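Worksheet for the structure shown next.
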There are 2 protein chains.
Amino acid sequence: MMRQGFAATTVDQICAEAGLTKGSFFHHFESKEALGLAAMAAFAELGMGLYAVAWDAPDVGPLEKLHRLLDVMSDLARQHGELLTCMVGMLSQELALSNATVRQAGEGHMEAWVGAVAGLLTEAKRLHPPRVGFDSDAVAWMLYSTWQGSMLVGKTRQRPEMVIENLRQMRAYLDGLFEPLGKSKSKHPKRA
Amino acid sequence: MMRQGFAATTVDQICAEAGLTKGSFFHHFESKEALGLAAMAAFAELGMGLYAVAWDAPDVGPLEKLHRLLDVMSDLARQHGELLTCMVGMLSQELALSNATVRQAGEGHMEAWVGAVAGLLTEAKRLHPPRVGFDSDAVAWMLYSTWQGSMLVGKTRQRPEMVIENLRQMRAYLDGLFEPLGKSKSKHPKRA
DNA sequence: TCGTTCATACAGACTGGTTGGTATGTAGCG
DNA sequence: CGCTACATACCAACCAGTCTGTATGAACGA
């Protein structure tokens with residue numbers, strides 16, 4: 001589904017790759033749509049597990065956690081190269097306007113990521129009062145949108161370096177929110 | 001295709017909506033894929049026409065042109081609301097990894113937008129030397145990725161306000177590149 | 001220990017509707 | 001006459017989903 005999209009992926013193909021038959025498929029899944037939802041959920045859980053090593057790190061400040069999150073995302077881009085694709089973004093793009101169930105599921109998975117990041121941003125605001133205020137949710141949605149867009153464009157251009165470069169700029173944007181000027185600029189030296 | 005994706009949109013459906021028959025369809029298009037490519041090209045041309053009113057404005061500086069471009073994009077988000085979708089992003093997402101022709105076409109359309117924006121950024125750098133240097137192409141790709149991602153996420157959340165808010169933050173990011181601090185902050189007062 | 005029961009996990013054949021694409025014909029027009 | 005723009009009829013392949021059957025194994029009573 002990540003390679004071909006939802007509609008172009010047939011149940012027969014899935015069964016062949018799984019080494020099972022259609023009878024078995026429809027024993028486990030009520031419909032093809034149900035599998036799509038399950039695939040999204042499984043992918044999201046997998047991803048959240050990876051992200052969690054960043055934001056669940058003990059004895060680490062919220063700003064550092066955000067940087068570690070960007071590290072994880074950069075690693076993903078490096079490891080998966082031209083095949084870096086998000087199941088949630090993929091199925092949402094294809095089905096959001098024609099399938100309300102999938103749309104809501106995608107929205108939910110997105111909210112989970114954004115909720116965690118917004119929490120870190122709010123905590124970071126408390127510890128490092130920024131010069132100009134900002135809305136944690138708005139910034140988190142912005143970061144998520146850029147992340148999704150980067151994977152989409154990076155896939156189309158077959159250029160994972162661009163995704164990493166975009167993440168570098170996200171880092172700069174984030175730092176800019178907390179370090180308006182002059183402050184400890186090299187606190188998080190050239191990562192990613 | 002923007003509502004359902006490429007694969008889920010049948011030639012019969014297209015013919016019905018166009019008020020024509022299949023015989024006629026395959027007289028004008030060699031295949032369904034050819035229509036997809038044509039749809040992408042038509043959409044890109046339409047979009048570039050809208051963007052052009054920003055970057056082809058006479059007697060206007062490059063930075064102002066960039067801001068007008070963001071104005072155009074905000075207007076698009078406002079006007080199209082929950083249906084704001086890019087044909088290029090849509091078909092690229094679905095087909096980039098399984099259809100090389102569509103992938104290259106999508107890449108080409110993306111490059112056209114990015115090329116124009118990178119040109120403006122380079123010109124702006126000449127006129128308003130930024131405190132820290134940046135790569136025009138990298139920033140342009142970042143902006144485009146965020147634009148694509150915002151449309152994707154905004155569609156999934158059914159929340160066009162988020163797209164507009166993201167564009168606001170893109171504006172701030174852009175300004176931050178040229179106005180490190182203290183300078184004429186309200187040169188482009190609360191637009192978007 | 002053994003037979004019975006029953007639910008689960010799977011296989012495989014089948015179907016009715018659909019799909020992209022083709023073959024053929026024709027109306028209109030310069 | 002010949003070319004373009006369309007229509008009609010048709011097809012073979014395919015698709016999601018169904019139906020029916022079977023192997024396995026746990027639970028249980030005697």
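Nothing here was measured: the structure is a model prediction, and the numbers come from that model. A, B, ... follow the sequence lines: proteins, then strands. Residue 1 opens every chain.
Nucleic acid contact for Thr10(A): sugar-phosphate only, since backbone atoms but no base atoms lie under 4.0 Å from a heavy atom of the residue.
If you take CD of Gln13(A) and P of dC15(D), they are 8 Å apart, rounded to a whole angstrom. The interatomic distance linking Phe29(B) (CZ) with dC6(D) (P) rounds to 11 Å, in whole Å. Taking atom CD1 of Ile14(A) as the reference point, atom P of dA16(D) lies 8 Å away to the nearest angstrom. Remark: C1' of dG20(C) and CG of Asn99(B) are 15 Å apart, rounded to the nearest angstrom. dA9(C) atom C1' lies 16 Å from atom CZ of Phe26(A), rounded to whole Å. Atom CG in Leu35(B) sits roughly 14 Å away from atom C1' in dG21(C) (whole-Å rounding). Asp12(B) places its CG atom 13 Å from the P atom of dA7(D), with the value rounded to the nearest Å.
For Thr21(A), the listed nucleotide lying nearest its side chain is dC10(C); candidates were dC15(D), dC6(D), dC10(C). For Val11(A), taking side-chain heavy atoms from C-beta onward, the closest of the listed nucleotides dA11(C), dA9(C), dA16(D) is dA16(D). You'll find that the side chain of Leu20(B) is closest to dA7(D), out of dA7(D), dA11(C), dG17(D). Minimum atom distance to the side chain of Lys32(A) is reached by dA16(D), of the listed dA11(C), dG20(C), dA16(D).
None of Gln4(A), Met90(A), Glu82(A), Gln158(A) except one satisfies the side chain to side chain contact (heavy atoms under 4.5 Å, CB included) rule with Leu97(B); the exception is Gln158(A). A side chain to side chain contact (heavy atoms under 4.5 Å, CB included) with Gln169(B) holds for exactly one of Val139(A), Leu177(A), Leu143(A); it is Val139(A).
Scanning atom types as modelled, one donor and one acceptor separated by under 3.5 angstrom connect the side chain of Lys22(B) and the base of dG20(C).
Taking 4.0 angstrom as the limit, His27(B) places none of its side-chain polar atoms (N or O) nearer than this to OP1 or OP2 of dT4(D).
Tyr144(A) and Trp141(A) have perpendicular rings, their planes meeting at more than 60° on a 0 to 90° scale where under 30° would count as parallel.
Residue Gln13(A) places its CD atom among more than 12 non-hydrogen atoms of other residues, nucleotides or ligands, all under 6.0 Å distant.
Two residues, Glu30(A) and Ala8(A), neighbour DNA chain D, and the one matched to the more 5' nucleotide by heavy-atom proximity is Ala8(A).
A salt bridge is absent between Asp71(B) and Arg68(B): the closest approach of a Lys/Arg side-chain nitrogen to an acidic carboxylate oxygen does not fall below 4.0 angstrom.
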